[in-house]
Structure formats: structure tokens, C-alpha cells
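Numbers here are sequence positions counted from 1. Atoms within a ligand are numbered from 1 in the order they appear, just like the ligands themselves.
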Amino acid sequence: MRVLVTTAVPAERDAVAAAFTAPGPASASASAHTVPGAVLSRVALPAPSGGGDQLVLDLLAGGVGPAAAAASTAAALTAATLNGEPYDVVVSAGIGGGFQPDAPVGSLVLADEITVADLGAETTETAGAAGAAGATGTPEVPEPAHGFIPVTELGFGTVTHRPPNSLVREITAVTGARQGSVLTVSTVTGSAARAVELRRRHPRALAEAMEGFGVAEAASAHGVPVLEIRAVSNPVGPRDRAAWRIGEALAALTGAFGKLAPVLESWNPHDLTH
Ligand SMILES: O=C(O)c1cccc(C(=O)CC[C@H]2O[C@@H](n3cnc4c(=O)[nH]cnc43)[C@H](O)[C@@H]2O)c1
């Protein structure tokens with residue numbers, strides 16, 4: 001089983017690696033290699049004693065934001081395919097903001113939907129009131145934008161990727177993660193009003209981060225299943241850097257990967273029954 005794990009920054013990548021590289025009788029081997037557009041840290045676990053596939057994880061610190069994440073993930077996926085060693089699953093992993101009170105700081109969120117929240121068009125038309133401004137004539141002063149049309153309703157692309165249900169269920173069970181939508185945003189939410197608006201539009205959202213949708217777009221282009229796991233470092237809402245608990249979240253990420261390795265080892269990538 002070959003797994004590509006894309007994080008944004010090296011601290012997140014190293015937190016994932018720490019789940020496998022602690023010294024011990026059967027510790028994993030670690031190495032690094034470069035492919036065009038990506039530097040990969042490889043963790044190869046010892047083959048399971050009862051037989052079965054060896055778990056190999058390539059860890060990639062692919063950059064902050066959906067564009068960097070998509071570009072670096074796509075580079076790694078393409079290189080692996082050209083080398084005849086394609087990945088079976090891609091995981092977007094890192095810290096994220098948690099919507100309160102459902103995803104407290106320090107908790108884990110596993111995405112059953114990876115949704116881009118700000119890919120679309122602003123509109124002054126409210127839902128169900130399209131054309132209202134036109135009915136009363138041209139407004140004399142510009143109205144504030146108060147609506148959002150996702151790109152899919154404009155006739156383009158996609159806004160949501162769905163990880164395989166079976167894998168999500170099993171990982172939720174072993175890690176104790178909360179399961180819900182994880183939003184991808186290009187701007188970190190910094191106000192209560194924006195947090196409320198995001199939850200109004202996405203009632204199942206538990207967390208927001210900046211890379212999941214980019215990773216998922218690359219995985220989807222290669223026909224590879226995708227997961228997203230976030231350890232909550234801060235509440236989504238008014239900007240308060242003092243409230244961030246990055247160390248706690250990175251430790252939670254390490255704990256999660258320690259537990260999900262056996263699930264990945266035993267998962268059959270050809271069983272994509274949702
Ligand atoms: O508030 C700031 O000054 C600030 C400046 C630069 C970067 C940030 C980040 O939030 C880093 C984003 C980084 O971490 C993930 N992340 C963590 N919490 C959140 C969040 O509440 N909303 C969105 N992304 C978050 C994200 O995936 C990036 O990789 C802040």
C-alpha cells in the first residue's frame with residue numbers, strides 16, 4: 001500500500017513522520033528523494049508479520065494554500081505513476097481551525113466531504129430573491145455583496161470531493177476523530193460573522209484549512225482516493241494568535257497517524273464501494 005501524505009509545512013510533515021520513526025525493535029526506515037516539483041520523505045514500515053502489503057508513506061510538505069497543495073501533490077502523483085509505483089491513496093493532513101463548539105482545540109476532524117468554500121462568485125442577489133434589484137430599477141449606490149454562488153452553479157468544475165466511506169468509517173473508529181465536512185479557504189477566517197456565514201452555507205462543516213481541496217483535485221485527476229485529516233489548532237472566528245495551540249495540534253496529528261497505519265495497511269484500494 002503506497003500512501004502520499006501532503007501537509008502544508010515541514011512541522012506538520014515531521015509530526016506525521018514522528019508516528020513511525022520513534023526508535024523501537026521494528027521501527028520504520030526513513031529516506032528522502034526528490035522528484036520534479038516535490039521533495040518526498042519516505043517512511044517504509046516493516047512488512048506485516050502475518051503477510052499482506054507493506055505500508056510505504058511518502059510525506060510531502062507541499063506549501064500553504066490550495067494552489068501550492070495541488071501543484072506539489074500533482075507533481076508527486078505524476079512522478080510516481082511514471083516510475084511505475086502509483087499511490088493507492090492520498091491524504092491531506094495538518095492543523096486547522098475548528099468550528100465551535102463541535103470541533104474543540106486539540107480534537108481531530110476527518111473529512112467525509114472536502115469542500116472549497118470560496119470558489120465562486122459574489123452576488124448582491126440573496127438566495128430566492130434573484131432579480132429583486134432589477135425590479136426596483138438600478139440601485140443608486142452599490143449594495144454590499146451578500147450572496148455567494150458556488151462555481152458549480154456557474155456551470156464549472158466541482159466544489160466537493162468525497163473520500164471513500166469505508167475508509168472514513170474505519171479511521172473515525174480507531175482515531176476517535178469527529179467526522180464532517182472540512183472546508184478549504186484561501187483566506188483564514190478572522191471574524192465571527194464570517195464563521196457564522198460559512199456554517200450557514202455549510203452546516204456540516206467541522207473545520208477549515210487551506211489545502212484539502214487542492215490535494216483532492218490533484219488526486220481526482222489521477223483517479224486516486226483522497227482523505228483529509230485535521231488536528232484543530234484554533235477556533236474558527238475572530239483572529240487571536242494567542243489562542244492557537246499548534247504544539248497540541250501537532251501532537252494530536254502524530255497520535256492519529258500512529259493509529260491509522262493498521263487501517264491503511266489492511267484497506268483494499270479496489271474496494272471503493274461507498
Ligand atoms: O493570522 C495570521 O496572522 C496568519 C498568518 C499566516 C498564516 C496563518 C495561518 O493560519 C496558517 C494557515 C495554515 O494552517 C492551517 N490552518 C490552521 N488554522 C486555520 C484556520 O483557522 N483557517 C484556515 N487554515 C488554518 C492552514 O491549512 C494553513 O496551512 C495565520
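Met210 SD, 3.6 Å is the protein heavy atom nearest to atom 12 (C) of ligand 1. Of all protein heavy atoms, the one closest to atom 1 (O) of ligand 1 is Arg239 NE, 2.7 Å. For atom 18 (N) of ligand 1, the closest non-hydrogen atom of the protein is Asn234 OD1, 2.8 Å. Annotation: atom 28 (C) of ligand 1 to nearest protein heavy atom, Glu211 OE2, 3.3 Å. The single protein non-hydrogen atom nearest to atom 14 (O) of ligand 1 is Ile95 CG1, 3.9 Å, given as residue, atom name and distance. For atom 22 (N) of ligand 1, the closest heavy atom belonging to the protein is Glu208 OE2, 2.6 Å. From the protein, the heavy atom lying nearest to atom 5 (C) of ligand 1 is Arg241 NH1, 3.8 Å.
Residues Leu45 and Val43 approach most closely at CD1-CG1, 3.8 Å, considering heavy atoms. Taking every heavy atom of both residues into account, Val16 and Ala93 meet most closely at CG2-CB, 4.5 Å. For the residue pair Leu119 and Val159, the shortest heavy atom distance occurs at O-CG1, 4.3 Å.
By the 4.0 Å N-to-carboxylate-O rule, Arg2 lies too far from Asp88 to be salt-bridged with it. Contact check on Arg199 versus Asp102 returns a salt bridge, with a Lys/Arg side-chain nitrogen under 4.0 Å from an Asp/Glu carboxylate oxygen.
Taking a 4.0 Å cut-off on heavy atoms, Val236 fails to register as neighbouring ligand 1. Residue contact annotation: Gly96 has a non-hydrogen atom under 4.0 Å from ligand 1.
Contact annotation for atom 20 (C) of ligand 1: protein present (non-hydrogen atoms, distance under 4.0 Å). Checking atom 7 (C) of ligand 1 against the protein gives no heavy-atom contact under 4.0 Å.
With rounding to the nearest 0.5 angstrom, the CD1 atom of Ile171 is 12.0 Å from the CG atom of Asp112.
Looking at Arg230, Glu228, Glu12 one by one, the single match for side chain to side chain contact (heavy atoms under 4.5 Å, CB included) with Glu211 turns out to be Arg230.
Not a single N or O atom of Glu12, backbone or side chain, sits closer than 3.5 Å to an N or O atom of ligand 1. An N or O contact shorter than 3.5 Å is missing between Trp244 and ligand 1 by distance.
In Ala209, the parts holding a heavy atom less than 4.0 Å from any atom of ligand 1 are both the side chain and the backbone. Under 4.0 angstrom from ligand 1, the non-hydrogen atoms of Arg230 all belong to its side chain.
Applying the side chain to side chain donor-acceptor pair (under 3.5 Å) test to Arg245 and every residue at least two apart in sequence or in another chain returns nothing.
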Enumerate, atom names and distances included, each donor-acceptor pair closer than 3.5 Å involving a side-chain atom of residues 186-196, sequence neighbours excluded.
| unit_1 | atom_1 | unit_2 | atom_2 | d |
| --- | --- | --- | --- | --- |
| Thr189 | OG1 | Glu208 | OE1 | 2.6 |
| Thr189 | OG1 | Glu208 | OE2 | 3.4 |
| Ser191 | OG | Arg194 | N | 3.1 |

